[in-house]
Amino acid sequence: MSVMDLVSYQDALASYDPVMGLEVHVELGTRTKMFCGCATTFGAPPNSQVCPTCLGMPGSLPVVNAVAVESAIRIGLALNCEIAERCRFARKNYFYPDMPKNYQISQYDEPIAFNGYLDVEVDGGTFRVEIERAHMEEDTGKSTHVGGATGRIHGAEHSLLDYNRAGIPLIEIVTKPIEGAGARAPEVARAYVAELRELIRALGVSEARMELGQMRCDANLSLRPLGTTRFGTRSETKNVNSLRSVERAVRFEIQRHATVLGEGGTIVQETRHFHEDDGTTTPGRVKEEAEDYRYFPEPDLVPVAPARAYVEELRGTLPEPPRERRQRLQAEWGASDHEMRSAHNAGAVELIVATVEAGARPDAARKWWMGELARRANEDGVELSELAITPVQVARVATLVAEGSLNDKLARQVIEGVLAGEGDPDTVVEARGLKVVSDEGALGAAVDEAIAANPGVADKIRGGKVAAAGALVGAVMKATRGQADAARVKELILQRLGVSG
Amino acid sequence: MPGITREEVTHLARLSRLELKDEELDHFAEQLDAIIDAVARVGEIAADDDIPPTSHPLPLTNVTRPDEVRPSLAPQDALAGAPAAEEQRFKVPQILGED
């Protein structure tokens, strides 16, 4: 079903009220796995980070990673959750080769954190997303399907399993049903995942890079006729892996549900896959008896019972909530809502903060990151943070401009040099000979030459056509290879020709 | 005590990927029945509020390990017991059919 066959988004919202539930999995950035000491390095050769425990071999026993528990509690606290006095792990049984044990160790009826909320920013207002629970579990292995036309599981002849990822700690964060978002539901979904990602990063528990699968979102959606309270049947769109996709997937599902319901049909409760290329979803693999996981308490692990004093100690380590921090920075920087949102969306906030800490003025730091550097990042198709320039180097460039040693044009050349790997700003200035010519004698001589070489233009200026001075400024800038302060050059020209600017 | 049905045994067998013959279904239904009866007797006692539910015989909590890397198996050792391997990965039979 393509988007064209669906009722419009506006029409869908005219008849129905969307209800969402979002499940986000975060891979923790611990050095080792959840239940064994295997390393978690990304991109290691296949099956080089596995041991008897994460391979589910007989006689091996899991032992809980202390840092993973600490991270789970800190995430729970940052989400305003209550922390369980005592909780257990549970076995989730299923037969699928991505887990060699034939079960995943998770938490079932006793999550470590529950009953919280996260306030997110939409369209200038605040929307509170309530959190049902956050629990600890382990990631699965990675399958490669061989023999099918497109690497898909359907039609594959066999599959290959790399268990390096099996056992990496995961925190699953589940919202309560999100009601009342109305037409803003897709935006709320996106804003929630974005805010959560920033919170996770601020806590330092994971880099939460969605493109690497370190953070993944499942979006549940149902519609009910406007004015009614009973939830409709939901669909669950799995593994939506970018902020934009979260928004598009929810929007598509709203339109799809409305179309089916509008034709008198019924929604099938099923998992669905999202397709980045055209923004649609299709039915997923029908898991037979998907709900029949036969959970039972994990007999190989004892309960986790975080002492209250320990929980309070961890509460003391929480960072300033990202949303409050953004508001504070916006005030300190004197930025508008729009400028702040742009910086936020471009991933520039931390870079600007670091640049200011390195001595740049906030407006200069913002200007370089959101101007020249954003342009370069865009051209190269990389994130700002991936550019080969550090906040300290940007701060140095900004300082040189503030001192008058560089003008903007020269500063751009310095940045270009740094990005090209020519060294620190001062090295580039030195090597490329980039300094504003502030020697009045040298500048005066260049101005005199320009006047002498362009007598016609000089006459026009003497006759009062001050605008013509631009041509002479250009000549001087060319003669000084752009290293003069253009405003000062203009002043000197007008002075020499006896005209007041 | 209602007995476990053949249908339930069929369902469990399917979840466990076990292929059972008809006569085995009856046989296991009978055995599972006996097991459930035995467990139910424990349940009668545990129903007493004085006995908290327990998942572990040892009165321990918070057994953790520091987040320090320990040596893993060499890939060839990890794969040594695998029925089949390819590209340093465990090779498993077709998971899903065509449809």
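Chain letters run A, B, ... following the sequence lines, proteins first and then strands; every chain starts at 1. In what follows, every heavy atom counts, from backbone to side chain, and hydrogens, waters and symmetry copies are set aside.
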Atom group of B:Glu68 that falls short of 4.5 Å from chain A, counting heavy atoms: backbone

Could you tell me the separation between the OG1 atom of B:Thr61 and the CZ atom of A:Arg86, rounded to the nearest 0.5 Å? 6.5 Å

Looking only at heavy atoms, which two atoms of B:Arg65 and A:Phe35 are closest? And how far apart? NH1-C, 3.6 Å

Gap between atom CD of B:Glu87 and atom OG1 of A:Thr144 - 0.5 Å precision: 7.5 Å

Within residues 42-57 of chain A, contacts to chain B at heavy-atom distances under 4.5 Å involve A:Pro45, A:Pro46, A:Asn47, A:Ser48, A:Gln49, A:Val50, A:Cys51, A:Pro52, A:Leu55, A:Met57

Would the number of heavy atoms belonging to other residues, nucleotides or ligands and lying under 6.0 Å from OH of A:Tyr108 be above 12? no

CD (B:Glu23) with more than 12 external heavy atoms under 6.0 Å: yes

Look at A:Ser159, A:Pro97, A:Cys38 and state which one has the largest set of heavy-atom pairs under 4.5 Å with chain B. A:Ser159

If I measure from the heavy atoms of chain B, does A:Arg31 come under 4.5 Å with its side chain, its backbone, both, or neither? both

Interatomic distance, CZ@B:Arg14 vs CZ@A:Phe95, rounded to 0.5 Å, equals 14.0 Å

Top contributor to chain B interface from A:Glu298, A:Arg88, A:Lys142 [non-hydrogen pairs under 4.5 Å]: A:Arg88

With chain A, which of B:Val69, B:Asp77, B:Val63 has the greatest number of heavy-atom pairs at distances under 4.5 Å? B:Val69

First locate atom NZ of B:Lys91, then atom CD of A:Glu157, and finally report the distance between them rounded to the nearest 0.5 Å. 9.0 Å

Report the residues that fulfil side chain to side chain donor-acceptor pair (under 3.5 Å) with A:Glu138, sequence neighbours left out, ordered by chain and then residue number. A:Lys101

Surrounding CD of B:Glu30 (heavy atoms of other residues, nucleotides or ligands, distance under 6.0 Å), is the total greater than 12? no

Taking side chain as C-beta onward, heavy atoms only, is A:Val63 less than 4.5 Å from B:Thr64? no

Check A:Val302 against B:Asn62 and note the closest heavy-atom contact, atom names and distance. CG2-N, 4.1 Å

Option that, when pairs with chain B are counted at under 4.5 Å, heavy atom only, ranks first among A:Pro297, A:Ala39, A:Pro100, A:Ala66: A:Ala66

Closest heavy-atom pair and its distance - B:Asp67, A:Val67: CB-CG2, 3.5 Å

For A:Leu161 and B:Val92 the tightest heavy-atom approach is CD2-CG2, 3.7 Å

